[in-house]
Structure formats: C-alpha cells, structure tokens
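Take a look at the structure set out below.
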There are 2 protein chains.
Amino acid sequence: MTELERGPLGQRRGRGARERILSASQQLFRDQGINRTGMDQLSAVAQVSKRTAYQHFSSKDELVTEYLRRFDPDVMPGVFDRTDLTPRERLLAAFEMPASTPLCPYIAAAVELHDPGHPASRYARDYKTAIAARLTDTAREAGATNPEQLGEQLALLIDGASVRTRVLDSESFSTAAAIAAVLIDNALQSAPSQAGHTESLSTGGDR
Amino acid sequence: MTELERGPLGQRRGRGARERILSASQQLFRDQGINRTGMDQLSAVAQVSKRTAYQHFSSKDELVTEYLRRFDPDVMPGVFDRTDLTPRERLLAAFEMPASTPLCPYIAAAVELHDPGHPASRYARDYKTAIAARLTDTAREAGATNPEQLGEQLALLIDGASVRTRVLDSESFSTAAAIAAVLIDNALQSAPSQAGHTESLSTGGDR
DNA sequence: CGTTACTTACACAGCCCGGTGTACTTAAGG
DNA sequence: CCTTAAGTACACCGGGCTGTGTAAGTAACG
C-alpha cells in the first residue's frame, strides 16, 4: 500500500505528527487533566509512536507549555475584534459561553502543575494579564470612567464563572453576565457615550 | 524514658496520630498540592509510620476527603455568626481575606482530582452550595430584593478572587469586595432597611 | 539507484506511588 | 503480671510514569 492508513482526523499517519500530538493533548488534558494523562496514552491517541512524540517535544513539560500556547487564537476567538458590536456589546459578549464550557485551561494548568515557576504557569499568568488588558482597552473604548478597574473586575467575573462551572455545574456564566451588565452600566452612566450607537470615537491609542 | 519524644506540635509521639496526619495533610496539600504529596512524605512530616497512617485512613482518597471535611469550621470562621455586624456588613466581611490566602481547598481538590464522582469532589460541591445558601440567607436578612441571586453572585465573586489570587497574585479580594459593594447597594437601595443601623428585624426564618 | 529525514515498534531503565505483610515495641489498665 | 490497643520499622509488590536506546522501515528527492 503506497498510501498509509488514515487517522480519525483524516490525516496521514506518517506526516503531521506534531499537529496530531497537540490535538490529542487538547482532548486528553481537557478530559482527564494533565497529571492523569501519560505520554503512552497520549501517543496512542495521537497515533504516533512515543519516540516521535519525544522528538517533537523534549519533555512533557514542554508539551504542556506548547499546548497552552495553542489556545491564544482559540479562547475568546473574535470577541475583541468584532467590529459589528459596540464596545459595550463586546464586553458583554465575553460572557456568552455554552454551559458545557470546560474550565479555562490556563487555570487548570496552573492549579494542576502547582508550581508558579513552571513555564506553563508563567504563561498562564501572562495570558490572564493580557485578557485583563484587552478588557481594559475595550472598557476605555466604551468610555468607562475607570477602565482599569472595570477590566480587572470583568476578568475576575470570567474566572469565577469558569471555575464554578467546573466545581458545581451551574449556569455561572449567566450569573457573571448579569453582574457584568450592572458594572458596565454603572461605569458608563456618568460617561458621554451611551448604549445603542455604533463604535466611533477614540479607537484605543496606548497599546 | 517513660515519656516519649515530643513532635513539633508538642504532641506525644505515640498518641494522637490521626490529628497529626490531618495536620500534615493541611500543610502539604496546601503547599504542594494533593497529587504531588505522597503518603511517605506525609507520614514523615506527621511523624507517624506509614503503616499507622493506613490504619487511620483506609486509602489516600479517604484521607483527602477527611482533610476537606476538616475545613468546615475553619473557612469563613465566624463571618455568618457575628452578631456585632449588620447583615450587610457580614456580607462584605466575607471578602476580607489576607492577600496571601491560598486557593480555596475545595476548588483545588476538585481540579486536582478531576473526577466529579470522587467523594472529595462531591463534598466540594456540597460545600460550595452551602456557602451560597448562607450568603443567600444573609442577603435575605439584609433585605435584598432577590436574595438567591445576590447570594449566587457573591459566591461567584469569592471563587473568582480565590482563583485569581492563586494564578496571578494580585489583590483580587479587594477587587471582588468592590464589586460586592456595588451589587449589595443595588440590591438594597429599593429595600426598606438601609446601611448604618444595628441588626434588628427578621432573623432568618426559613433555614 | 542511493541518500536523507522522519517515523515506527519494542524493550527497558529508573523512579515514585499507593498499599500491604510481618514482627517488634510501648503505654495503659485491670 | 498479663492483656489489649496503638504505634513502629522496614522490606516489599505491582503498577504507572517519564524518558531513552536500538534497529528497522518508508516516503521524498536527486
């Protein structure tokens, strides 16, 4: 047979190993956690020999870090770039998550690895900081009186909703969205721009 | 020597093993996490032979569950019972946490164990539900328009602050407290009782 | 064809983990 | 004194883990 068998994702079995490994990581780390997923099982699911896995990632720690890095374009995919929404609507859109959303992988990794010095933990910290900054930018764009404060507050709400969705399985994101609406309204009521007009003035300048 | 050596906690070395084991669990699970703490190390720190540890707890899983159970009187020690505070003040007092507060052990356990069916995970769920109920009761006592909603919201804020204190190490509890103040004021402004008077009417009735 | 780069199968080393078996020691209490 | 309850020391088992060594296979390219 000149053509090799095909994996469940339709990829060739010889090539593209790296992608399949990262893809399997995404599934297994989410479903079983990082610590409870061994490299043997991971390789099996990725349809890659363990030897190959270690040729692409020098250690499991490195794989975990790379696994987290892959989420950047994924998490909150286009929320901040949706020009069809007003800044205010964009802030609220960050809370529209399906009830089955898994725990934010950055939080999961930081808690599971339990070492603040681990590259993955550092990356999680950076990511959380970046998200807060994005929220702050959008809050400023919306005309909030104290954008830094509002950004930090909304970030906290998102994390709270994420962790409660995991520990309990209540509809925590709608609870968080309700709080967000109150905070946003409070922050905008004493500002010039009001809801219901397309985005216009002051496209963020300091970032 | 008729009297045995004394451990770091002043307890006799032969007796009181169970207490020392739970005490060591508290320290090690907090500092290293559950998964990264082995029974050998735990026994050593507790100054107890591993054999004795397994005579008190039939498995590590059982120890973890018992370890969580020990927090009931600890976490939020008297906040809900402080009659010197008005209900409103009690709700806000729940956010007065030192900046070095470790991640809520129930969240940590649920994330680390990663099995919703694990006894410890179930217990964590029960605990979180109970805390929300306590907050709801206090919110009702304070005269909130929608006590269930406010209780759930405050519970989410606490968890968000807890997890962000761990992942970043910002002063998230003060951020959460600021949000809580807004939510509480919003929920009470259309209610009869106002801030600044000692607790009086309607000591909780339905619990 | 041969070379090059990648992948595979499989065994294995070394470690830590949860948990147990065994035989011994010690304090308390009648 | 003897009994009983509790703890101790220590070796050990089976299993899973990360990571490696080795030798063979295979596609692509010239």
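All values reported here derive from a predicted model rather than from experimental measurement. Letters A, B, ... mirror the listed sequences (proteins, then strands); counts begin at 1.
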TODO: Measure from the side-chain heavy atoms of A:A17 and tell me the nearest of C:dG18, C:dT7, D:dT18.
DONE: C:dT7
- [ ] Answer yes or no: does a side-chain N or O of B:T52 lie under 4.0 Å from OP1 or OP2 of D:dG7?
- [x] no
Task: Length of the line joining A:Q41:CD and D:dT18:P, which is rounded to integer Å - done: 10 Å
Open item on the list: To the nearest 10°, give me the bend of the helix from C:dC1-D:dG30 to C:dG30-D:dC1, comparing the axes of its five terminal pairs at either end.
Closed with: 0°
TODO: Please report, rounded to the nearest Å, how far the C1' atom of D:dG7 is from the CD atom of B:E19.
DONE: 16 Å
Open item on the list: Given D:dT18, D:dG7, C:dG19, identify the nucleotide with an atom nearest to the side chain of B:Y54.
Closed with: C:dG19
TODO: State, with a plain yes or no, whether a side-chain heavy atom of B:F80 is found less than 4.5 Å away from one of B:D137.
DONE: no
Open item on the list: I need the B:Y67 OH to B:L42 CG distance, nearest 0.5 Å.
Closed with: 11.0 Å
Open item on the list: For a quick test of reading the model, state the closest non-hydrogen atom pair linking B:H114 to A:D31 and the distance between them.
Closed with: CE1-O, 3.3 Å
TODO: Please report, rounded to the nearest Å, how far the P atom of C:dC17 is from the CG atom of B:L42.
DONE: 11 Å
Can you list, pair by pair, the side-chain donor-acceptor contacts under 3.5 Å of residues 146-158 of chain B, counting residues two or more places apart and other chains?
{"residue": "B:N146", "atom": "OD1", "partner": "B:Q149", "partner atom": "N", "Å": "3.2"}
{"residue": "B:E148", "atom": "OE2", "partner": "B:R140", "partner atom": "NH2", "Å": "3.0"}
{"residue": "B:E152", "atom": "OE2", "partner": "A:R164", "partner atom": "NH2", "Å": "3.0"}

- [ ] Check each residue of residues 55-65 of chain B for a non-hydrogen atom within less than 4.0 Å of any atom in DNA chain C, then write out the ones that pass by number, or none.
- [x] B:S59, B:K60
TODO: Output the residues of residues 33-40 of chain B in contact with DNA chain D, where contact means a heavy atom of the residue under 4.0 Å from an atom of the strand; sort by number or write none.
DONE: none
- [ ] Evaluate the ring planes of A:Y123 and A:Y106, with Trp represented by its six-membered ring, and classify them as parallel (under 30°), tilted (30 to 60°) or perpendicular (over 60°).
- [x] tilted
Task: Atom-pair distance (NZ on B:K50; P on D:dA11), nearest Å - done: 12 Å
Open item on the list: Main chain of A:I34, side chain of A:E112: is a donor-acceptor contact present, judged purely on distance under 3.5 Å?
Closed with: yes
- [ ] Decide, yes or no, whether a salt bridge links A:E89 with A:R82 under the criterion of side-chain N to carboxylate O below 4.0 Å.
- [x] no
Task: Nucleotide of C:dT7, D:dT8, C:dT8 approaching B:V48 most closely (side-chain heavy atoms) - done: D:dT8
May I have the list of side-chain donor-acceptor pairs in residues 169-177 of chain B shorter than 3.5 Å, sequence neighbours left out?
{"residue": "B:S170", "atom": "OG", "partner": "B:S172", "partner atom": "OG", "Å": "3.0"}
{"residue": "B:S174", "atom": "OG", "partner": "B:E171", "partner atom": "O", "Å": "2.9"}

Open item on the list: For residues 114-133 of chain B, which residue pairs pass the salt bridge (Lys or Arg N to Asp or Glu O under 4.0 Å) check, not counting sequence neighbours?
Closed with: B:K128-B:D159
Task: Any A:Q41 side-chain heavy atom under 4.5 Å of A:Q32 side chain - done: yes
Task: B:H118 side chain reached by B:T65 side chain, heavy atoms, under 4.5 Å - done: yes
Open item on the list: Ignoring hydrogens and geometry beyond distance, is the side chain of B:R51 in donor-acceptor contact with the base of C:dG21 at under 3.5 Å?
Closed with: yes
